There are 2 protein chains.
Amino acid sequence: MNVTIKDIAKKAGVSHTTVSRALNDSPLINPETKERIKEIADQMNYTPNFSAKSLVLDRSYNLGLFFSTLDKGTSPNFFYETVRGVNNTIKDKYNLIVRGIDDYERYDRITNKRFDGIIVMSQSERDDAFIAYLLDKRIPHVVLNRHTGNAAVMNILSDDQQGAYRLVEYLVAQGHKRIATIEGREGFKSTQQRMEGCLRALGKHGVELLPQLREQGSYDVESGYAAMRKLLGNRELPTAVFCFNDDMAVGAMKAIAERGLRVPQDISIVGFDDNMFSGFVSPALTTVKRPIEQISRKGAETLLEMIEKKETLNPETIYLHTELVLRESVDRPR
Amino acid sequence: MNVTIKDIAKKAGVSHTTVSRALNDSPLINPETKERIKEIADQMNYTPNFSAKSLVLDRSYNLGLFFSTLDKGTSPNFFYETVRGVNNTIKDKYNLIVRGIDDYERYDRITNKRFDGIIVMSQSERDDAFIAYLLDKRIPHVVLNRHTGNAAVMNILSDDQQGAYRLVEYLVAQGHKRIATIEGREGFKSTQQRMEGCLRALGKHGVELLPQLREQGSYDVESGYAAMRKLLGNRELPTAVFCFNDDMAVGAMKAIAERGLRVPQDISIVGFDDNMFSGFVSPALTTVKRPIEQISRKGAETLLEMIEKKETLNPETIYLHTELVLRESVDRPR
DNA sequence: GTGAAAGCGCTAACAA
DNA sequence: TTGTTAGCGCTTTCAC
């Protein structure tokens, strides 16, 4: 059996109450007693039983990081950077529990006893039921990456629409008029946002988005490849393709290469996200940098604050800026 | 306050013990009573308090997934596939806690009260201290991805050495004699294993590995790029480069392209891992497929079994096979 | 500055 | 088949 505060109490000749207080740095305890108790605890190799602590303090020391899904539509880079951002912020104060929302059939195992707070990395409106559940159960949470439209929740996200706008405007400025899109997973908010930015930019400059140049993707490499192949089936090819993320851009470039065409001389390609990879494919990808790690970090900090203060902060929507990254995958059309 | 079994008991007119038993499907309870209690519980929206359960049952329902590090040397794809593999296996029976071993200064917050079991995705011998700690504390665990040499621990890993052997042998069979290596992070077991396989193959066919053609990398894209640039500084270039993972291979290809050379016509490139990406870079990467998701899955299953049976299974080392994946990045030297 | 006692929500030995 | 009681390890009143 493990060492408990009672064991320490016995050895120190005090009550277990005193031990508890000493170990928690209560100001009530005589500094010397405190010191002595701590030493004994150390030497007995004491570690607190978190289940007991949790029970009485009503805190689990667990933080959840929930993605819409862990299977399809979450790119490895995105996943990695998010976990890293959050993890670096919470350090070892809390346990970080990583989950896909779609892992659950019912949410009732997700309780405020089990999670002190939850970070929702949300990619789809389908998460709204989950978020509503958290709200209902009064589980502190922040929603990253997607605007919920619910005034009660704290949102932190990047201005994808603005990013897409600038990206497409850049394409147009280079002289492109025949622009194709390989869009993200259907129903994902990011897909809609990027499309809207794209449309705004196109509209402003009087360029039309032809229906036959729109392809649906699902944010993974394969889907970019497949979509580009369809695009290449057009009798008149696009001069530039806006892929809604970098992974799909890589797939698209592959399809173009297979066809014997070159990027950017024959077709320009742009992506979105700015993966760790994107500067290293050939040609290096022109894209929009999304501050994923920063969002996660900020999200974690905010959640921590909510938990400590035991109240919902003024729920607001925080936008972090995207950034146009010009590299080599865009040329002027011929 | 949340609903407890006592509330249910009151409403049902039974003792809380009966409620507990009913909810846990004890065979002792009258089926009708059981049914009735369950209904009441449902309707009162009862959810068990896991802290209390944990305290008395001495189980935390937490599973740890520990990487050597979450920062450097863990590639996003690798990370993603591992988490996914484990997560899909444990479903929502347990909470999955993801951590970097190097997040901890001291291990004493890692207790058997807090973790029912731990999966160590180990990449470096530096993890041995951690593994020893788990052994000492009798926390059930499996070690993936690396052979510990400790007879007491369950190992599941891929035969990297054999994979590297076949890969390099293939290179030699294509006629390559001037082969360079961009090696993995120093001290990582995977690095050593792949090097050994490489050396074995080379030795068998009487090919020498020139010191000036060996470069150290650290498993990320940038390091592959930097290493390749150094390699390109040689007056006599290698005809083929073995990059110890696919990420570095991508970086290397970039450096080669920048130099105005072509893969595989001028220099052949091979990687290791078989990322989701690897089939989609141009040229598609010849590499060795490592069954990461399978390893994680198997690891999780094994750990679960250990936990349920409450005993260490016969500790053994399980090797899962790697597979040579021939694509387009290798040509015969000119 | 310290201790006695109660209680967090649950399970389990023992009794009935 | 059900209930009584104790206890898991901890924190927190309340009293001294």
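Everything quoted here is computed from the prediction, not taken from an experiment. By convention in this document, chain letters (A, B, ...) are assigned in the order of the sequence lines, proteins followed by strands, and residues within each chain are numbered from 1.
Closest of all the heavy-atom pairs between B:A41 and B:L23 is CB-CD1, 4.2 Å. In terms of heavy atoms, A:D127 sits closest to A:S122 at OD2-OG, 2.6 Å. A pairwise comparison of heavy atoms in B:R114 and A:N95 identifies NE-ND2, 3.3 Å as the closest pair.
Taking the six-membered ring where the residue is Trp, B:Y61 and B:F50 present perpendicular rings, their angle passing 60° and hence far from 30°. The aromatic rings of B:F67 and B:F79 sit tilted relative to each other, their planes meeting at an angle between 30° and 60°. Ring geometry for B:F130 versus B:Y107: interplanar angle over 60°, hence perpendicular rather than tilted (30 to 60°).
A straight line from CZ of A:F50 to C1' of D:dT11 spans 14 Å, rounded to a whole angstrom. For the pair B:N2 CG and C:dC8 P, the interatomic distance rounds to 14 Å; values are reported in whole Å. Between the CG atom of B:L55 and the P atom of C:dA12 there is a distance of 12 Å, given to the nearest Å. One interatomic measurement links the two molecules: CZ of A:R21 to P of D:dT11, which rounds to 11 Å at whole-angstrom precision. With rounding to whole Å, A:D58 atom CG is found 14 Å from D:dT11 atom P.
Summary of helix geometry: the two end axes of the helix from C:dG1-D:dC16 to C:dA16-D:dT1, each defined by five base pairs via their C1' atoms, are inclined to each other by 40° (rounded to 10°).
Using a 4.0 Å cut-off, some side-chain N or O of B:S20 falls inside it from OP1 or OP2 of C:dT11. Side-chain N/O atoms of B:K53 include one lying less than 4.0 angstrom from OP1 or OP2 on C:dT11.
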message: Before you tell me yes or no, could you show the steps for A:Y133 and A:Y104 under ring-ring contact (aromatic ring centres under 6.0 Å, His included), namely the whole-Å CA-CA distance, both residues' side-chain angles and the distance that decides it to 0.1 Å?
response: CA-CA 13 Å; A:Y133 175 86; A:Y104 293 86; 9.4 Å; no
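Counting non-hydrogen atoms under 4.0 angstrom, A:T4 reaches the backbone sugars and phosphates but no base.
One cannot find a donor-acceptor pair under 3.5 Å joining the base of D:dT2 and the side-chain atoms of B:H16.
The residue among A:T17 and B:V56 whose nearest nucleotide of DNA chain C is located toward the 5' end is A:T17. When each of A:N24 and B:T18 is assigned the nucleotide of DNA chain D bearing its nearest heavy atom, the one mapping closer to the 5' terminus is B:T18.
Nearest to the side chain of B:A52, among C:dC10, C:dT11, D:dC10, sits C:dC10.
Within a 6.0 Å radius of NZ in B:K38, more than 12 heavy atoms belonging to other residues, nucleotides or ligands are found.
Applying the ring pair (Phe, Tyr, Trp, His ring centres under 6.0 Å) test to A:Y94 and every residue at least two apart in sequence or in another chain returns nothing.
For the segment residues 29-47 of chain B, residues with any heavy atom less than 4.0 angstrom from an atom of DNA chain D are, sorted by number, B:I29, B:N30, B:T33.
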